[in-house]
Amino acid sequence: MNKIFFDSWESIVRTVIITVLAYITLIIMLRTSGKRTLSKMNAFDFIITIALGSAFATVTLNKDVALADGVLVFLLFIGLQYSITWLSVRYKPVKKLITSRPSLLLYKGEVFNDVLKEQRITIEEVYVAARKKGIGTLSDIDAMILETAGEITVISKLKDDDSQTLQNVAKK
């Protein structure tokens, strides 16, 4: 009970040193592994992020875990993430296993309620996504897609002059 607020200066110094070294090591590893490691998260990326955070906390706070063990865990998690994403870019079965497919929630103003239920999206979330895009009514939307990372993409209807501008650009 006497070590609730303070254990020893040695413990404080160890925590500072290990935290700084583990933090620097993790940043170097994440930067070396590429942008994909830090991209918007799908379920697989989310799991890796949680695992890295847990490993970081364990290394910094658990006196029974050496820095070398923590660095090895960082290296393994980042290596696994890199390997699996490398495979998913090259082999469709791996990609299907790791990432979900986008889901069409709305098309030409028509809401697909069965897809909303399946994806656990409320109609209120559909309206919020439309409002964020500055669209007042769902009939002004050509398509609304739930992306693989969970964000909702809204594609508004092209106005006649926008359509004409695109046609002119395409001709050049």
Side-chain angles (χ1 to χ4, degrees), residues 11 13-108 110-135 138 141-156:
S11 173
V13 170
R14 180 199 180 281
T15 301
V16 168
I17 291 171
I18 294 294
T19 300
V20 169
L21 291 175
Y23 181 74
I24 291 169
T25 303
L26 189 54
I27 286 176
I28 290 168
M29 287 180 176
L30 289 173
R31 293 290 293 143
T32 307
S33 67
K35 293 178 186 175
R36 176 65 173 86
T37 308
L38 300 172
S39 68
K40 288 192 174 187
M41 294 187 281
N42 58 35
F44 175 72
D45 298 324
F46 179 72
I47 290 167
I48 291 294
T49 302
I50 297 299
L52 282 172
S54 178
F56 183 75
T58 300
V59 168
T60 58
L61 296 174
N62 189 337
K63 293 176 182 142
D64 295 331
V65 178
L67 179 60
D69 294 335
V71 170
L72 178 60
V73 169
F74 296 159
L75 187 62
L76 287 170
F77 280 139
I78 292 170
L80 286 168
Q81 198 267 354
Y82 182 87
S83 300
I84 290 175
T85 54
W86 186 89
L87 288 169
S88 73
V89 170
R90 288 160 179 78
Y91 303 103
K92 269 191 173 177
V94 176
K95 182 180 181 188
K96 285 182 180 181
L97 181 69
I98 303 268
T99 59
S100 60
R101 297 184 65 199
S103 299
L104 187 62
L105 304 175
L106 178 145
Y107 184 71
K108 302 280 185 191
E110 180 187 346
V111 177
F112 299 132
N113 289 313
D114 55 331
V115 177
L116 291 181
K117 285 180 186 175
E118 178 184 319
Q119 298 300 326
R120 297 181 321 276
I121 302 290
T122 65
I123 192 68
E124 290 79 14
E125 290 171 298
V126 168
Y127 284 115
V128 167
R131 286 193 301 270
K132 282 183 179 178
K133 190 77 171 177
I135 299 172
L138 298 182
I141 298 173
D142 267 349
M144 187 176 286
I145 301 128
L146 178 63
E147 302 293 352
T148 59
E151 71 271 4
I152 296 176
T153 298
V154 178
I155 301 170
S156 58

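When reading the values below, keep in mind they use all heavy atoms of this one structure, side chains included, and skip hydrogens, waters and symmetry mates. Nothing fancy with the numbering, it's 1 onward along the sequence.
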Using every non-hydrogen atom in the two residues, find where F112 and L106 come nearest and quote the distance to one decimal.
CD1-N, 4.0 Å
With the side chain counted from C-beta on, respond yes when V71 and L21 share a heavy-atom pair under 4.5 Å apart, and no when they do not.
no
How far does CD1 of I48 sit from CD1 of I78, to the nearest 0.5 angstrom?
9.0 Å
Sidechain-backbone polar pair: S88 side chain, T85 backbone, donor-acceptor under 3.5 Å
yes
Nearest-0.5 Å distance that lies between atom CD in Q81 and atom CE in M29:
13.5 Å
Where do F77 and L52 come nearest, in terms of heavy atoms and distance?
CB-CD2, 3.8 Å
Determine the minimum heavy-atom distance between F74 and L26, stating which atoms define it.
CG-CD1, 3.9 Å
Count the heavy atoms of every other residue, nucleotide or ligand shown that sit under 6.0 Å from CZ of R90, and state whether that count exceeds 12.
yes
Looking at every non-hydrogen atom in both residues, tell me the closest pair between N62 and R14 and how far apart they are.
O-NH2, 3.4 Å
Minimum heavy-atom separation for L138 and A130, please, with both atom names.
CD2-CB, 4.2 Å
Could you tell me whether the side chain of E110 and the main chain of Y107 form a donor-acceptor pair under 3.5 Å?
no
Heavy-atom side-chain contact between I152 and V128 under 4.5 Å
no
Has the side chain of S54 got a donor or acceptor atom that lies under 3.5 Å from a matching backbone atom of I50?
no
Roughly how far, to the nearest 0.5 Å, is the CZ atom of F56 from the CD1 atom of I18?
10.5 Å
One should read off an interatomic distance between L87 CG and K95 NZ, to the nearest 0.5 angstrom, of 14.0 Å
Roughly how far apart are K117 NZ and Q119 CD, rounded to 0.5 Å?
14.0 Å
Between V59 and D69, is there a side-chain heavy-atom distance shorter than 4.5 Å?
no
Do D142 and K108 come within less than 4.5 Å of each other through their side chains, counting heavy atoms only?
yes
Between T153 and E147, which heavy-atom pair has the shortest distance, and what is it?
OG1-OE2, 2.7 Å
Compare all side-chain heavy atoms of L116 with those of I123 and state whether any distance is below 4.5 angstrom.
yes
Spatial distance of atom CG (L67) from atom OG1 (T60) [nearest 0.5 Å]
10.5 Å
Among V126, T122, I121, which one satisfies side-chain contact (heavy atoms from CB on, under 4.5 Å) with E124?
T122
